[in-house]
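Just so it is clear: chains get the letters A, B, ... in the order the sequence lines come, proteins before strands, and each one is counted from 1.
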There are 2 protein chains.
Amino acid sequence: MLLSSVLPAAALLVQQAWAQAADPTSSYYATGVPTDTPVPGNYTDYLRPRVHFSPPRYFMNDPNGMHRDPSGTWHIYYQYNPLTPVAGNQHWGHATSKDLYTWENQKIAVWPPNNYTYVFSGSAVIDSNNTSGFFPDQDNGVVAVYTLAEYPGGEAGIQYQAIAYSRDDGYTFEAYDRNPVLNINSTQFRDPYVIWHEPSRHWVMVIAYAAEYVIGVYTSPDLKEWTHASNFTKHGYLGTQYECPNLLQMPMKGGDPVWFLVISLNPGGPRGGSISQYFVGDFNGTHFEPFDDATRFTDFGKDNYAAQFFHNVPANEPQIALGWASNWQYTQLVPTGLLEHGQFRSAMTVPREHYIANVSARGYDLISGIHNVSAIIDEELAFNSSLGNGTILAYFGDVPSGAFYLEANITNLTSTLQGTANFTISSSVSGEYISGGINAAGSPGIWVDRGHIRGFDNPYFTDKFSEEGVLAPNSTTWSLSLLYDNSILEMFLNGAQQAGTVTFFPERRLDTLAIYVGGIPESAGSSVAVWSLKDTWAPQADGNGTVRGNVTDGATGSMKMF
Amino acid sequence: MLLSSVLPAAALLVQQAWAQAADPTSSYYATGVPTDTPVPGNYTDYLRPRVHFSPPRYFMNDPNGMHRDPSGTWHIYYQYNPLTPVAGNQHWGHATSKDLYTWENQKIAVWPPNNYTYVFSGSAVIDSNNTSGFFPDQDNGVVAVYTLAEYPGGEAGIQYQAIAYSRDDGYTFEAYDRNPVLNINSTQFRDPYVIWHEPSRHWVMVIAYAAEYVIGVYTSPDLKEWTHASNFTKHGYLGTQYECPNLLQMPMKGGDPVWFLVISLNPGGPRGGSISQYFVGDFNGTHFEPFDDATRFTDFGKDNYAAQFFHNVPANEPQIALGWASNWQYTQLVPTGLLEHGQFRSAMTVPREHYIANVSARGYDLISGIHNVSAIIDEELAFNSSLGNGTILAYFGDVPSGAFYLEANITNLTSTLQGTANFTISSSVSGEYISGGINAAGSPGIWVDRGHIRGFDNPYFTDKFSEEGVLAPNSTTWSLSLLYDNSILEMFLNGAQQAGTVTFFPERRLDTLAIYVGGIPESAGSSVAVWSLKDTWAPQADGNGTVRGNVTDGATGSMKMF
């Protein structure tokens with residue numbers, strides 16, 4: 001992430017008077033931020049997502065350090081300002097989950113070294129072979145590799161790469177005493193993502209030379225000494241800056257795993273602001289070569305940025321990522337920063353499973369579907385297995401989570417270029433609504449329109465998104481899936497073939513769903529099912545609605561010694 | 001252009017019962033379409049552009065055959081359905097101009113060979129050396145090269161390339177009696193654009209293998225025999241299909257002319273529907289090689305597609321193009337097809353001058369500015385050369401054309417990341433408005449919002465567009481230019497550095513302009529000037545508002561002999 005262009009001046013000024021020397025092993029603890037317990041949060045406001053991760057309070061952006069630990073626990077870290085609901089004062093927040101939906105907030109994991117340096121994005125690896133030397137007695141040591149961004153006097157300074165290690169499964173990190181590990185004296189050099197490349201027996205880092213549209217590849221035997229190996233330059237859409245690369249192996253349907261490089265860019269995406277693009281190709285341990293020169297985006301909405309893929313998911317299984325469900329064009333202005341019980345801004349997408357398949361003529365399509373939605377299904381709200389052409393209504397105003405999941409399946413078509421499924425989700429109080437659907441006839445497309453939601457407007461808060469040409473002409477079925485969670489909607493064509501993520505901010509809680517299926521022949525079938533979703537945060541709340549997270553482990557965990 | 005995905009069934013059925021044999025030299029004249037005079041039109045409705053070209057009536061899409069003839073007259077041909085205000089029954093309409101703004105409608109130039117074949121897009125060249133043999137006695141012969149698309153029984157059939165020649169400066173064409181000149185038995189093979197490549201002394205055609213994301217390069221000595229030379233495959237954004245390539249030399253600021261390949265794609269652009277992308281590189285007469293693997297779009301709006309560059313503008317001068325100012329997602333639904341005096345759909349952009357420059361970090365920026373706007377300036381509506389921070393209002397409800405041109409110049413900034421210029425163009429009757437501007441502070445961007453215009457809505461009629469990261473950090477000036485023409489708005493940053501085209505369809509004619517400049521320091525300057533624009537159509541109209549075009553030349557021109 002880059003803050004110079006998006007930080008309001010006030011955020012930079014919070015820590016203007018810096019006093020400490022730049023000791024790489026020191027830590028700066030801002031007043032009022034708990035150090036050994038999680039930041040408490042309240043997840044009860046009507047715009048709070050209930051099956052998505054969002055920070056306990058204030059501002060979150062990029063996911064960082066994502067990995068599954070040897071015990072099977074999923075760890076997400078995240079760019080976090082625990083002081084105000086805008087970007088600034090970046091730390092690594094931390095949460096863990098057994099199912100990728102029910103998140104336990106943990107204490108802040110990585111702290112800035114002083115009051116004029118921010119901890120920017122990065123990744124975390126498990127150094128099971130102790131290549132780093134940090135873990136003589138264990139095979140589950142975690143090394144975080146991240147950018148430190150200096151803001152001396154509040155002005156953007158240099159960005160360099162540092163590491164920190166954790167001997168307690170990623171809950172507490174200690175900074176390497178010889179940081180930085182990679183410093184080229186650049187003000188635009190950030191977001192390292194590190195993997196172990198087994199054939200080469202070395203670590204590989206991809207990192208953005210942001211302003212030059214370069215993804216650099218570095219290698220290291222020990223996570224401490226890094227050697228430049230290659231550059232991947234000016235590929236795809238450029239926007240203003242490259243950010244947050246990920247490089248990993250990904251399953252390819254009907255073939256061997258392929259290499260996958262995703263690059264986020266901001267600002268200047270073709271829909272405005274933030275967007276992520278990907279390339280599919282070969283990687284030999286030092287050089288990435290795409291199979292073609294095409295540009296492909298990961299999502300047809302505008303609110304899925306800087307996704308990070310979890311480490312330690314086998315390469316022959318679908319790769320799991322969370323994205324930051326927002327956009328720098330308006331993320332610091334949305335009304336969730338003004339909520340009564342818990343000011344916050346931004347959530348992550350639901351966990352999505354990814355692989356590559358040739359489902360469209362474009363080829364190398366990124367398949368991106370919801371991970372194990374059954375984990376969060378609560379009760380059936382509506383079901384019709386033989387709807388044909390018709391409309392189903394469901395009132396979900398009494399669903400505690402305010403969230404639902406919908407699947408509409410169209411089957412036995414005589415041609416795939418048939419049928420329409422449109423949904424409208426509205427407030428019976430205010431009349432505002434969000435709508436969308438799939439139009440399979442003519443020029444097949446999936447679309448969404450948030451323009452009739454009234455709680456937020458902004459010159460960059462685009463109303464409509466669509467993706468077209470996405471149904472194979474010889475298919476006789478198609479489906480629409482929706483995951484609706486109060487202020488986030490995620491849409492999927494054919495389960496995972498196209499994914500679209502949009503945020504929206506109604507004045508009143510939406511409570512009514514209508515879904516219409518039309519234009520299918522009598523011989524075809526349609527089924528629609530709607531389920532309410534659990535509130536994954538409510539069971540963690542006390543009588544005041546406060547979620548305290550892992551207070552016990554935090555209190556008894558390793559004390560920060562630096 | 002492709003019709004199979006956008007044609008309403010009714011349009012295809014118009015000519016369902018075909019009777020003629022596929023004689024390549026025959027012509028099919030639909031009932032009610034004038035053959036030797038232009039189609040008459042009425043340009044008085046409040047949504048009709050007055051300084052843009054739009055067809056006399058019914059439906060227009062891609063520009064075709066664009067060239068400047070030896071007398072200096074500019075010729076545009078265009079995809080034209082003279083029968084209904086939706087796509088179908090494609091002909092080549094024709095108009096000419098001395099100034100690229102005042103267009104004289106001509107009789108339809110290229111007719112379909114029969115009632116189940118459409119004349120699709122293509123280009124026209126002047127065969128001054130008579131390579132074709134069609135012009136033994138002249139050096140100003142014109143050869144049109146275009147796609148014929150068969151729709152036997154109303155179903156999409158094969159697409160092949162044909163030529164026709166004109167011995168009267170492009171007003172009347174005769175089909176080559178050995179058509180087709182290029183047929184690969186494909187249903188997706190169209191939109192030839194032909195240039196003379198002097199170093200190789202041969203003709204070069206670029207053409208879309210649309211569904212395969214391939215631009216083929218063919219060469220020919222005589223425009224009749226074509227040899228495949230190379231393919232340019234899967235570059236840039238793919239969408240659903242490639243269409244309408246142009247290949248030409250373009251001036252490069254501070255360097256030698258470069259080669260420029262533009263590819264339009266539809267549907268499936270990243271903003272939905274239609275979009276055009278370009279590549280800058282080398283061309284050796286048979287192969288195009290881009291200088292980098294970046295994807296760049298020509299316009300930040302959604303309504304500039306399939307632009308075609310005029311032939312016979314010297315390569316060291318800015319290259320002039322018109323685009324089709326619409327989008328296949330909604331072009332057949334917009335309310336101009338229902339107007340009282342003159343049903344029509346679609347207009348071209350104003351003529352734009354193009355060259356390549358490195359003005360942003362992205363490099364190879366396409367500079368796209370208005371050609372000679374002074375030709376259409378009428379009267380000053382507002383002017384303030386020392387506005388500073390402030391607001392200017394202008395009422396243009398009494399301007400006959402309903403069109404204006406605005407320039408706002410910000411100068412003497414201490415940093416380019418300063419200042420804002422916002423405009424609002426509204427109806428004092430209905431309250432609806434279109435707004436936009438430039439925000440130079442923070443993340444510099446140019447934006448427009450048509451979401452508060454109420455005469456048209458559609459799931460794909462996106463409201464907001466923007467481009468960011470477009471001001472050089474070391475510049476101390478910036479400017480905003482607007483060309484407003486009733487239902488088209490074209491915006492420009494720094495005159496030509498970024499261009500955005502949007503259509504909009506108010507319920508009532510807009511009549512009030514407000515422009516606000518803010519956030520500039522006292523030492524900086526701002527000037528705003530607004531001029532009304534001429535109505536280029538009104539002087540051609542008779543007492544009933546009917547524009548008949550070139551009736552005289554049409555009536556006395558060569559009769560079609562085939």
TODO: Using non-hydrogen atoms and a 4.5 Å limit, figure out which bit of A/Y213 sits close to chain B: side chain, backbone, both or neither.
DONE: side chain
TODO: Quick one: pull up OH in A/Y364 and CG in B/L238 and give me the separation to the nearest 0.5 Å.
DONE: 12.0 Å
Task: Under 4.5 Å from any heavy atom of chain A - which part of B/D457 - done: side chain
Task: Toward chain A, the part of B/A441 with a non-hydrogen atom under 4.5 Å - done: neither
Task: Toward chain A: residues of residues 269-278 of chain B with heavy atoms under 4.5 Å - done: B/G269, B/P270, B/R271, B/G272, B/G273
TODO: Count the heavy-atom pairs under 4.5 Å between each of B/E212, B/Q329, B/R296 and chain A, then report the option with the highest count.
DONE: B/Q329
Open item on the list: Quick check on B/N458 against chain A: is it the side chain, the backbone, both or neither that has a heavy atom closer than 4.5 Å?
Closed with: backbone
TODO: Among A/L417, A/T240, A/N439, A/D292, single out the residue with the greatest number of heavy-atom pairs under 4.5 Å to chain B.
DONE: A/T240
Open item on the list: At a heavy-atom distance under 4.5 Å, which candidate from A/A211, A/G451, A/G239 has the highest pair count against chain B?
Closed with: A/G239
Open item on the list: To check you understand the geometry: which heavy-atom pair defines the closest contact between B/E468 and A/G268, and what is its length?
Closed with: OE1-N, 2.9 Å
TODO: Look only at the side chain of B/K464 and the backbone of A/P459, and say whether a donor-acceptor pair between them is shorter than 3.5 Å.
DONE: no
Task: B/K234 side chain vs A/R362 backbone, donor-acceptor pair below 3.5 Å - done: yes
Task: Max heavy-atom pair count under 4.5 Å with chain B, selected residue of A/F300, A/F465, A/F461 - done: A/F461
Open item on the list: Only pairs of heavy atoms separated by less than 4.5 Å count here; which of A/D449, A/N422, A/D463 has the most with chain B?
Closed with: A/D463
Task: Proximity breakdown for B/Y237 and chain A, heavy-atom pairs closer than 4.5 Å - done: both
